[in-house]
Amino acid sequence: MKRCVLIGGIGSGKSTVSRMLQEHGAACVDLDDCGHEVLLNPTVISMLTETFGEDILDAQGQIDHAALAQKAFATPQATVRLNAITQPRLLRIAQKRLDDLEADGCAIAFVEISAYDGPDGTFAPLFRTDDAVISVTAPKRLRIERAIGKGYSEQDVRNRIARQVSDAQRALWADFVISNKGTLADLQAHVDAIWKKITA
Ligand SMILES: CC(C)(COP(=O)(O)OP(=O)(O)OC[C@H]1O[C@@H](n2cnc3c(N)ncnc32)[C@H](O)[C@@H]1O)[C@@H](O)C(=O)NCCC(=O)NCCS
Ligand SMILES: Nc1ncnc2c1ncn2[C@@H]1O[C@H](COP(=O)(O)OP(=O)(O)OP(=O)(O)O)[C@@H](O)[C@H]1O
């Protein structure tokens, strides 16, 4: 199975690119989604409440994502603590999803990684060093606007951006950079061209 890595900061358009790639026939493993599964684990819930306090829970005792985000993205140290609890576990879920796709005969899979920290970083077990990396970028102003449109508060988006690497850093790691500052039709054309190159 050919694997590719799809990276980009909050509101850049990764999920939209992922949807377009899936329409071409690719499978996608979204690490944000794997992370959401981790937050349902009772051990993780206790570790997170011990670290960040009981007020990250909703009335049902489940993690309130916005409440946890407010605490966990407030400082670099808090984000390190969040990542240490969640990322080793979400990595195992993502690895299993990739293994299952491969066993099912999937030809090409994209791993969508919003918190990508480089080829030798946390997510290295999920890909090989020669797998293509696609970075989706957009000006900060547009990313904030788009993320607010998805329901995040402006402060939350700004905090998350502050905890993420820059588009300039992502470009150094990428084989393809998609600049997503135009229309959805522009984005589609860009994705179609990359799909052709990747599958040539
Ligand atoms: C803090 C949580 C509960 C907020 O949940 P919420 O549903 O609001 O956001 P979601 O998980 O869908 O992420 C949305 C975006 O936030 C940003 N983001 C999420 N986690 C991180 C992180 N650890 N570091 C930097 N940015 C992050 C990304 O741009 C991501 O696309 C959740 O993001 C979380 O548990 N994060 C830690 C796990 C993780 O690292 N996930 C990203 C894997 S690549
Ligand atoms: N070129 C575009 N023109 C107009 N709207 C766009 C464009 N690209 C993305 N969007 C919209 O912007 C929002 C953010 O895009 P998307 O969800 O794909 O980003 P993301 O990088 O996956 O974000 P997140 O980090 O929150 O997961 C979505 O509502 C999407 O429909």
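Order of listing sets the numbers, starting from 1, for every ligand and every atom in it. What you see below is based on every heavy atom in this structure, not just the backbone, and it leaves out hydrogens, waters and symmetry mates.
At a threshold of 4.5 Å between side-chain heavy atoms, the hydrophobic network of Ile, Leu, Val, Met, Phe, Trp and Tyr places L21 and L184 in one connected group. Taking hydrophobic clusters as Ile, Leu, Val, Met, Phe, Trp and Tyr residues chained together by side-chain heavy-atom distances below 4.5 Å, L31 shares a cluster with I85.
Here I63 has no heavy atoms under 4.0 Å from ligand 1, in either its backbone or its side chain. Residue contacts with ligand 2 for D32 involve side-chain atoms from C-beta outward but no N, CA, C or O (heavy atoms, distance under 4.0 Å). The proximity of N180 to ligand 2, defined as any non-hydrogen pair under 4.0 Å, is limited to the side chain. Contacts between V38 and ligand 1 below 4.0 angstrom, taking non-hydrogen atoms only, are absent altogether. With a 4.0 Å cut-off on non-hydrogen atoms, K181 does not touch ligand 2 at all. Only the side chain of T86 comes within 4.0 Å of ligand 1, counting heavy atoms alone; its backbone N, CA, C and O stay farther away.
Which parts of ligand 1 touch S114 is read off a 4.0 Å heavy-atom cut-off, strictly below it: atoms 28 (C), 29 (O), 30 (C), 31 (O), 42 (C), 44 (S). Heavy-atom proximity to L68, at under 4.0 Å, picks out these atoms of ligand 1: 3 (C). Those atoms of ligand 1 with a heavy atom of L82 less than 4.0 angstrom away are 36 (N), 37 (C). Heavy-atom proximity to T183, at under 4.0 Å, picks out these atoms of ligand 2: 1 (N). Close contacts between ligand 2 and G9 involve ligand atoms 21 (O) [criterion: under 4.0 Å to a heavy atom]. Atoms of ligand 1 lying under 4.0 Å from any heavy atom of L31, numbered from 1 in the order shown and given with element: 43 (C), 44 (S). Counting atoms of ligand 2 from 1 in the listed order, those under 4.0 Å from a heavy atom of I10 are 25 (O), 26 (O).
In this structure, the separation between CD1 on I63 and CD1 on I56 is 4.0 Å, given to the nearest 0.5 Å. Here the straight-line distance linking atom OH of Y152 with atom NE2 of H65 works out to 9.5 Å at 0.5 Å rounding.
Of all protein heavy atoms, the one closest to atom 32 (C) of ligand 1 is L39 CD1, 4.6 Å. Atom 23 (N) of ligand 1 has its closest protein heavy atom at N83 OD1, 2.7 Å. At the shortest separation from atom 39 (C) of ligand 1 among protein heavy atoms lies L90 CD2, 3.7 Å. In this structure, atom 42 (C) of ligand 1 lies nearest to the protein heavy atom D32 OD1, 3.4 Å. Shortest contact from atom 19 (O) of ligand 2 to any protein heavy atom: G13 N, 3.1 Å. Considering only non-hydrogen protein atoms, atom 8 (O) of ligand 1 sits nearest to R160 NH2, 3.0 Å. Protein heavy atom closest to atom 4 (C) of ligand 2, with residue, atom name and distance, is L184 CG, 4.1 Å. Protein heavy atom at the shortest distance from atom 22 (O) of ligand 2 is S15 OG, 2.6 Å. Looking only at protein heavy atoms, the nearest one to atom 18 (O) of ligand 2 is T16 OG1, 2.6 Å.
With a 4.5 Å cut-off on side-chain heavy atoms, R89 and T43 count as touching. Looking at heavy atoms from C-beta onward, V17 lies out of side-chain contact with I194 at the 4.5 angstrom threshold. Under the 4.5 Å side-chain criterion, counting only non-hydrogen atoms from C-beta, V191 is not in contact with F176. A 4.5 Å side-chain heavy-atom check between R170 and Q164 finds at least one atom pair inside the cut-off.
Within a 6.0 Å radius of CD in Q70, no more than 12 heavy atoms belonging to other residues, nucleotides or ligands are found. Dense packing is recorded around NZ of K71, with more than 12 heavy atoms of other residues, nucleotides or ligands lying under 6.0 Å away.
At distances below 3.5 Å, not a single donor-acceptor pair connects side-chain atoms of D104 with backbone N or O atoms of C106. A donor-acceptor pair under 3.5 Å links the side-chain atoms of D117 to the main chain of T122, judged by distance alone. In this structure, the side chain of T79 engages the main chain of A72 through a donor-acceptor pair within 3.5 Å.
Ligand 2 lies nowhere less than 4.0 angstrom from a heavy atom belonging to A138. The shortest heavy-atom distance from F73 to ligand 1 is under 4.0 Å. At least one heavy atom of G11 sits closer than 4.0 Å to an atom of ligand 2.
Inclusion of G182 in the set of residues having an N or O under 3.5 Å from an N or O of ligand 2 is warranted. Here's the thing with S12: one of its N/O atoms is less than 3.5 angstrom from an N/O atom of ligand 2. Considering backbone and side-chain N/O atoms, Q87 comes within less than 3.5 Å of an N/O atom of ligand 1. Between R163 and ligand 1, no N or O atom pair is found at a separation short of 3.5 Å.
Using a 4.0 Å cut-off between charged nitrogen and carboxylate oxygen, D131 and R128 count as a salt-bridge pair. A salt bridge is defined here as a Lys NZ or Arg NE, NH1 or NH2 lying under 4.0 Å from an Asp or Glu carboxylate O, and D192 with K196 fails to meet this definition. A salt bridge between D33 and R97 is present, with a side-chain N of the basic residue lying under 4.0 Å from a carboxylate O of the acidic one.
Distances from atom 10 (P) of ligand 1 to the heavy atoms of H65, H36, Q164 show the closest one on H36. When E145, M20, R146, K150 are ranked by how near their heavy atoms come to atom 6 (C) of ligand 2, first place goes to R146.
Considering D167, I178, I7, L142 in turn, D167 is the only one that fulfils the side chain to side chain contact (heavy atoms under 4.5 Å, CB included) rule with T137.
Between Y116 and F127, the ring-plane angle classifies as tilted under the 30° and 60° cut-offs.
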